[in-house]
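Below is one structure; the comments refer to it alone.
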Protein chains: 2
Amino acid sequence: MATSGKLMTIGQAARASGVSAKMIRYYDDIDLFRPEARSDTGYRLFSPTDVHALRFIKRARDLGFSVDEIRRLLTLWQDQSRASADVKALAMEHVRELEARIQQLEAMVRTLRHLADHCQGNERPECPILDDLAGQASPEADAVTGNRVRHSRASTGL
Amino acid sequence: MATSGKLMTIGQAARASGVSAKMIRYYDDIDLFRPEARSDTGYRLFSPTDVHALRFIKRARDLGFSVDEIRRLLTLWQDQSRASADVKALAMEHVRELEARIQQLEAMVRTLRHLADHCQGNERPECPILDDLAGQASPEADAVTGNRVRHSRASTGL
DNA sequence: ATGCACCTTCCCACAATGGGAAGGTCAACC
DNA sequence: GGTTGACCTTCCCATTGTGGGAAGGTGCAT
């Protein structure tokens with residue numbers, strides 16, 4: 001398998017792949033990715049194939065995959081006898097993680113928006129947001145229901 | 001200002017506030033929060049007011065505020081002459097940060113779902129997901145548009 | 001007095017990234 | 001040949017918030 005075409009240095013590989021030289025060294029460190037060769041003076045040397053792998057890694061990072069998930073993706077990528085079901089499973093599990101995080105963030109946003117809606121946002125000190133953080137629901141009337149704000153602090157659902 | 005009622009140790013304060021003893025010490029370290037007193041043998045001693053502050057911190061963390069944002073919130077909380085507008089501004093800026101993160105995550109999910117939709121997920125190796133990561137759009141026909149998949153890899157919008 | 005539960009500080013680890021120092025290398029130019 | 005500037009190497013540090021654990025002191029009940 002004569003992979004090497006013309007070899008390039010880390011700076012060139014970084015520019016060609018969009019991965020910083022710093023991160024390329026890190027990926028090398030943690031055995032995620034090993035460059036083709038080293039010059040006799042210790043310089044890392046990258047083949048076009050290496051750059052391809054770096055782009056793969058970058059794209060996967062951009063899609064939110066962790067380094068560990070990428071490790072598995074790279075293995076699958078290089079495995080000619082992989083089952084696409086395995087790739088899909090990995091991707092869908094990642095999607096579920098992402099969606100869980102989205103749910104959490106949305107719950108926070110909902111709560112905060114709700115609180116902010118009831119905050120006058122003026123020069124006066126009374127503030128339902130601080131009241132909620134302090135654990136005492138504001139004694140303001142609820143603008144929507146007209147009820148006293150009993151709701152023991154809107155839940156974030158966390 | 002005689003704040004102290006009965007004082008408690010860190011373990012009791014932790015249980016009463018929902019913040020781990022470990023984190024209470026950390027907040028102390030970084031000057032986010034200083035307990036009422038120390039016993040002559042060095043034990044941190046917490047007043048009910050301290051526990052109240054810890055609950056405040058915990059609630060704010062649950063809402064996704066960073067330690068630095070909480071520092072500002074605590075200052076506002078303790079400032080009797082604060083303007084609720086300042087609190088609201090802080091909260092809304094945080095909401096915008098959260099929403100930006102949500103946008104990013106959603107873009108990732110959209111892309112991944114799109115790719116996964118076109119992946120057979122069977123025992124065969126062909127996989128549009130890996131093809132995308134590798135930078136070469138899969139040569140499969142697009143099921144929706146009936147077009148060749150020219151779309152140079154669905155963008156995450158990042 | 002012995003023991004157990006609790007407290008203290010200090011160090012380590014995580015994930016992924018960047019900053020920067022100290023020192024070696026390469027190529028070009030005079 | 002020598003110098004310069006761009007580039008490479010490794011090593012250490014910081015980030016953010018959290019937990020684990022060690023070594024050693026304290027408090028209280030039996």
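Residue numbering restarts at 1 for every chain, and letters A, B, ... go by the order of the sequence lines. The structure displayed is predicted, hence computed values, not measured ones.
- Pairing each heavy atom of Leu54(A) with each of Val19(A), the nearest pair is O-CG2, 3.6 Å.
- Taken residue by residue, residues 92-101 of chain B places no heavy atom nearer than 4.0 Å to DNA chain D.
- The heavy-atom pair separating Ala21(B) from Ala14(B) by the smallest distance is N-CB, 3.8 Å.
- Whole-Å rounding puts the Asp29(A) CG to dA15(C) P distance at 14 Å.
- Between the CZ atom of Phe65(A) and the P atom of dA16(C) there is a distance of 13 Å, given to the nearest Å.
- Residues Arg59(A) and Arg55(A) form no side-chain contact, since every pair of their non-hydrogen atoms from C-beta on lies 4.5 Å or further apart.
- One can place CG of Asp68(A) at 13 Å from C1' of dA16(C), the figure rounded to the nearest angstrom.
- Remark: Asp28(B) engages Arg38(B) in a salt bridge, criterion side-chain N to carboxylate O under 4.0 Å.
- Crowding of Arg101(A) atom CZ: a count of heavy atoms from other residues, nucleotides or ligands under 6.0 Å not exceeding 12.
- For the pair Arg44(A) (side chain) and Ile10(A) (backbone), a donor-acceptor distance under 3.5 Å is absent.
- The shortest non-hydrogen separation linking Ser17(B) to Lys58(B) is O-CD, 3.6 Å.
- His94(B) places no side-chain N or O within donor-acceptor distance of the main-chain N or O of Leu112(A), the cut-off being under 3.5 Å.
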Starting at the 5' end of nucleotides 23-30 of chain D, put B wherever the base has a protein heavy atom under 4.0 Å, S where only the sugar-phosphate does, and a dash everywhere else. --BBS---

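- You'll find the side chain of Arg113(A) reaches within 4.5 Å of the side chain of Glu99(B), heavy atoms only.
- The Tyr26(B) side chain lies nearest to dG17(D) when the options are dT8(C), dG17(D), dT17(C).
- Of all nucleotides listed (dC7(C), dT17(C), dT9(C)), dC7(C) comes nearest to the side chain of Thr9(B).
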Please write out the pairs of protein N or O atoms and N or O atoms of nucleotides 12-14 of chain C separated by less than 3.5 Å, giving the distance to one decimal.
none

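- Judged by distance alone, with hydrogens and angles left aside, the side-chain atoms of Glu93(A) form no donor-acceptor pair with the main-chain N or O of Leu90(A) at under 3.5 Å.
- The closest side-chain heavy-atom distance from Pro35(A) to Leu45(A) is not below 4.5 Å.
- An OP1 or OP2 oxygen of dA15(C) is reached within less than 4.0 angstrom by no side-chain nitrogen or oxygen of Arg61(A).
- Using a 4.0 Å heavy-atom distance criterion, Arg25(B) is classed as a base contact.
- Contact between Cys119(A) and Lys88(B) at its shortest, heavy atoms only, is O-NZ, 2.8 Å.
- Interface residues of residues 11-22 of chain B facing DNA chain D, ordered by number: Ser20(B), Lys22(B); criterion, heavy-atom separation under 4.0 Å.
- At least one side-chain heavy atom of Gln12(A) sits under 4.5 Å from a side-chain heavy atom of Thr9(A).
- Nearer the 5' end of DNA chain C, as judged by each residue's closest nucleotide, is the contact made by Ile10(B), out of Tyr27(A) and Ile10(B).
- Residue Ile24(B) contributes atom CD1, which lies 9 Å from atom P of dC7(C) at whole-angstrom precision.
- As rounded to whole Å, 9 Å separates atom P of dT17(C) from atom CD1 of Ile30(A).
- Taking both residues in full, the closest heavy atoms of Glu36(B) and Ser47(B) are given as OE1-OG, 3.3 Å, listed atom of the first, atom of the second, then distance.
- For Met23(A), the listed nucleotide lying nearest its side chain is dA16(C); candidates were dT9(C), dA16(C), dT10(D).
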Let me see the working for Tyr26(B) and Leu32(B) under side chain to side chain contact (heavy atoms under 4.5 Å, CB included), right down to the final yes or no. CA-CA 9 Å; Tyr26(B) 172 68; Leu32(B) 177 63; over 6 Å; no

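- Put simply, the side chain of Arg82(A) gets close to the backbone of Trp77(A): a donor and an acceptor are under 3.5 Å apart.
- Here dC6(C) presents its P atom at 15 Å from CZ of Phe46(B), a figure rounded to the nearest Å.
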Donor-acceptor pairs under 3.5 Å, side chain of residues 65-73 of chain A to any protein atom, not counting sequence neighbours: which ones?
| residue | atom | partner | partner atom | Å |
| --- | --- | --- | --- | --- |
| Ser66(A) | OG | Asp68(A) | N | 3.4 |
| Ser66(A) | OG | Glu69(A) | N | 3.1 |
| Ser66(A) | OG | Glu69(A) | OE1 | 3.4 |
| Glu69(A) | OE1 | Ser66(A) | N | 2.8 |
| Arg71(A) | NH1 | Ile30(A) | O | 3.1 |
| Arg71(A) | NH1 | Asp31(A) | O | 3.3 |
| Arg71(A) | NH2 | Ile30(A) | O | 3.4 |

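- Comparing the start and finish of the helix from dA1(C)-dT30(D) to dC30(C)-dG1(D), five pairs each, the helix axis swings through 40°, to the nearest 10 degrees.
- For the pair Met8(A) CE and dC26(C) C1', the interatomic distance rounds to 18 Å; values are reported in whole Å.
- Residue Arg44(A) has no polar side-chain atom (N or O) positioned under 4.0 Å from OP1 or OP2 of dC7(D).
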